[in-house]
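Chain A is the first sequence line, chain B the second, and so forth, proteins listed ahead of strands; every chain is numbered from 1. What you are looking at is a predicted structure, and each value in this text was computed from that prediction instead of being measured.
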Amino acid sequence: MKKIVMAFAILAFVAGVNVQTSRATTKAQMNTGCGLGATLITEADSLVAQLAITFLNGLSGNGTFGITSGTSDCKQATKVVSNDLLKFVADNMDTLSKDMASGEGETLLSLAELMNVSKEARPEFYAALQANFSSVFTSETIEAGEVIDNIMTVTAKG
Amino acid sequence: MARLEGYGRFITSVSLLFFLLTLSLAKAEDASYPDKLLKTANESSLHENPFWATLLHFKPGIKGMESLVDDPEFFLAPNGKRDLKAELEATIKGFSNTTITGDAHPICRFPARYAWLKDTLNIDESKLPKAECKELDAAMAKIDPKSAVLVFSDAHINSPASMFGHTLLRIDSEKESKLLSHAANYSAVVTDKNGALYVFRGLFGYYKGFFSILPYYEKVKEYSNMDHRDMWEYALNFTEEETTRMVLHAWEMREIYTYYYFFDENCSYTLLFLLESARPGLNLTDEFVYSAIPMDTLRAVVNGKAIEGVEYRPSQATKIRHLSSLVNIEDRSTAVKIAEGELNPEDLPLDDKGRVIKILSLSTEYLQYKYSKERISREEYQKLLLAILKARGKLGKDKEDIFAIKTPPPPEKGHLSRRFSPGGGVKDESAFLDLNLRPAYHGLLDPDKGYVEGSQIQFMNTVLRYYPEKNRLELERLDFIGILSYSPRNEFFKPLSWKVEGGLYQELFPDSNDHLALKISGGAGMVYGNSILGMYYGMLDGSLKASGRFEKSFSLGAGASTGIIKKLSDKWRAHLYAKGIYYEFGDRHRSFSIVLNQQFDLSPDKSLSIDVSRERTFGIYETEAKAAINIFF
């Protein structure tokens, strides 16, 4: 047993004494800022990180029921929208932009459901968003609130 | 003084009043009611009901039956961790508690226990205090549990130990989009940044594990975008009632810690208790005594007949590989150039729309991959992403479904993780018989269906060798660990491949004999691949040997290795390699070897290994040939 522990200890030493890229730290930093690029989780690609992941599979996360984390630091929509919608757009903006540009995808479906767009109206809803992509994502630094405002503008009837 | 005394008397009379008031309130709720319930419970020995043990996570331990939950907050009785009966009594009494209000009341705090006892004991709610569980009700309304899915996240592209996978639960509501579902996840909270401590504590239970419930899309982002791990979603055949029961039990586990052990009390094992809480009689945890590999727990659920279908969610890396297989080499480099910002996406000729859509989609995924690996700045990423998507938006909907990725064999269809291999061979002039037992998990040449090609992770691989002529039994090798990650580089992915091995091995010594020595070695390098050669690699290696037989007790050196890993057919894999190490510190010597390993599949759970090697260490040559049958179980 002593030898096993020793072997692991040496190995861990090889793996780098300071796991700077550990998930714990990455996660703490991931939700900085609003808008595109803030909703993707990033992690530097290093051997140390890989070795760390190797042993620490499942060792991460925070111990809360995180069903109501806020987006209060980001710009809010000017129109009245549900918290769920704002949070979803804020948390998924990168994938949403991608799905919107291709006119289909899971985040578009989520958006339609959160905005109570009926099943029959969805194809048209998706097509309108794709055709008006540049009017929804008007700038690189756009935030969730503005995206929702723009979505409502371009999909509004009449 | 007199004033103070008067004050004291006043307080006494007020408390007395309160006491009487409480007593009368309790009376209204029938003070004898808990005793009646207790009597009924004791008459039927309800604490022996297996479902009660499930709700408390009881398992046989060193000191007899005890709960795996370590947090005292989880128990109402002081000795609840070890005493099912005491905890049942305390729980029943707790339900009629009149001093605690709101979500802290035992009825709100332990809703799964309450629901079960209410059913089993026919509890008349009107005889208990009215509990107002605002937080619980709000969470239940938000989660809106209707059905459940067991999610298994696959291997990391270049981290074989993540082949262990991770399991979590998805709780679906009535919404069509599964991204809007919730995930119930168990993980340890890591408090160290020091690598050595990190590993040690993870293995030996120094971290606290917690359940969390969070939006499912967070887990999708984590696994599919950051880790590049495919996900498998196994629909559980739980009814709405069973799913609700499970979520209520997850609520009981809220902010409750259990010490996390990498090998047994890990994410998967603990999650099984949640599944068992859904359906009384579903028994999944019993078979895991020493270790619980997520894959095996997944198999247990499949065998427990709780699964009714599986869906595959490819990761971003898989999407990139798929998209790049749809286009030619020229379009691949166009996609890379666009993602590097060297080519304007609006400048592509639009005569073949479908082709441009493929290029732009590949560009987008690759750009996000690069950003997720922190190879470009956020500003650069935002600018390029928007430019590509604007061009893509103008092309309309794609006619073909370019993301229709063929579902690979699901992980539970892969070979089982324990391997027993009887075999025999010849070393120089001496014949030998081998008994090899590998408790976990996958060898480089083992059948790769359901596993990541070019990967290996082995723990405690043990070979006992018997030489009949000398009538000698010896430990041939004991790998504490043996991890290999050979991951080919291409236009999109530039992984560093690596290997780590450590254990006790029979090593050649200057006396021309083998003796047991401790050896730890590792290496890193690059792997490339093509359809003709398979995977080929070059690596820089380091090695440390320790033994009392060395004059200086150790020998430390560096060198290089190169090899080819080739799939010769669906059932035949081979690995040919050469390695040279120059030991320059401690006892100086050189070691060269050339090895050919092969494995042929005989049936889904059996294969044949044939290995030949020639080695020169301390100037002494050694040749070995052996064959073995591998039985996966």
Side-chain angles (χ1 to χ4, degrees), chain A residues 3-4 7-20 22 24-25 36-37 39-45 47 50 52-67 88 91-92 94 97-98 100-104 106-107 109-110 113-114 130-131 133-134 137 140-141, chain B residues 139 142 156 158-159 161-162 164 166 175-177 179-180 182 185 187-190 193-196 198-200 202 207 210 212-214 217 221-222 225-226 254-255 266-267 364 368 371-374 378 381-383 385-386 389-390 392-393 396-398 480 483 496 498 500 502 520 522 524:
Chain A
K3 277 177 178 153
I4 302 177
F8 275 122
I10 293 170
L11 187 88
F13 183 73
V14 174
V17 172
N18 257 314
V19 188
Q20 294 289 8
S22 77
T25 43
L36 291 169
T39 75
L40 288 185
I41 304 168
T42 66
E43 181 172 66
D45 198 8
L47 186 63
Q50 283 162 21
I53 291 169
T54 298
F55 283 97
L56 302 166
N57 184 37
L59 287 189
S60 69
N62 47 25
T64 58
F65 263 46
I67 46 179
F88 181 81
D91 285 349
N92 294 280
D94 293 82
S97 68
K98 211 162 62 176
M100 208 177 277
S102 54
E104 58 194 330
E106 223 176 350
T107 55
L109 172 64
S110 311
E113 283 197 279
L114 289 172
Q130 187 185 27
F133 181 84
S134 324
F137 284 90
E140 291 116 60
T141 52
Chain B
K142 186 150 184 132
H156 188 286
N158 195 22
S159 173
S162 70
F164 270 169
H166 183 72
K175 292 207 172 68
E176 195 184 332
S177 170
L179 290 181
L180 299 174
H182 285 85
N185 186 50
S187 61
V189 173
V190 174
K193 273 195 208 166
N194 181 296
Y198 210 42
V199 170
F200 181 82
Y207 287 125
F210 290 91
S212 53
I213 290 201
L214 65 172
Y217 61 71
K221 285 199 297 196
E222 185 182 334
N225 301 345
M226 180 175 80
R254 189 171 75 128
E255 284 161 27
N266 54 25
C267 62
T364 311
Q368 288 195 331
Y371 174 67
S372 78
K373 293 291 171 197
E374 296 181 357
R378 185 161 165 205
Y381 163 76
Q382 289 175 328
K383 203 168 88 271
L385 178 70
L386 224 53
L389 293 183
K390 274 182 184 169
R392 172 65 190 90
K397 226 177 134 184
D398 192 13
F480 301 139
I483 299 175
L496 197 62
W498 56 274
V500 180
I520 292 160

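- Looking at residues two or more places apart in sequence or on another chain, you find no salt bridge (charged side-chain N to carboxylate O under 4.0 Å, His left out) involving A:Glu113.
- With a threshold of 4.5 angstrom between heavy atoms, B:Leu179 approaches chain A through its backbone and through its side chain.
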Trace of the side-chain contact (heavy atoms from CB on, under 4.5 Å) decision for A:Asn92 with B:Lys221: CA-CA 9 Å; A:Asn92 294 280; B:Lys221 285 199 297 196; 4.2 Å; yes
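- Distance alone, capped at 3.5 Å, places no donor-acceptor pair between the A:Glu140 side chain and the B:Gln382 backbone.
- Between the side chain of A:Gln130 and the main chain of B:Gly396, a donor-acceptor pair closer than 3.5 Å is present.
- Under a 3.5 Å cut-off, the side chain of B:Tyr381 and the backbone N or O of A:Gly37 do not form any donor-acceptor pair.
- Annotation: B:Lys390, atom NZ; neighbour count of heavy atoms from other residues, nucleotides and ligands within 6.0 Å is above 12.
- Note: A:Leu36 CG to B:Gln368 CD = 9.0 Å, rounded to the nearest 0.5 Å.
- The two atoms that bring B:Leu389 and A:Ala101 nearest to each other are O-CB, 3.5 Å, heavy atoms only.
- Among A:Glu104, A:Met100, A:Lys98, the residue with the largest count of heavy-atom pairs under 4.5 Å with chain B is A:Lys98.
- In this structure, CD in B:Glu176 is found 4.5 Å from CG in A:Leu109, a value given to the nearest 0.5 Å.
- A heavy-atom distance below 4.5 Å is not found between the side chains of A:Ser102 and B:Asp398.
- Distance check: B:Tyr217 OH to A:Thr107 OG1 gives 12.0 Å after rounding to the nearest 0.5 Å.
- Within the 4.5 Å cutoff, side-chain heavy atoms of B:Leu386 are placed close to those of A:Phe133.
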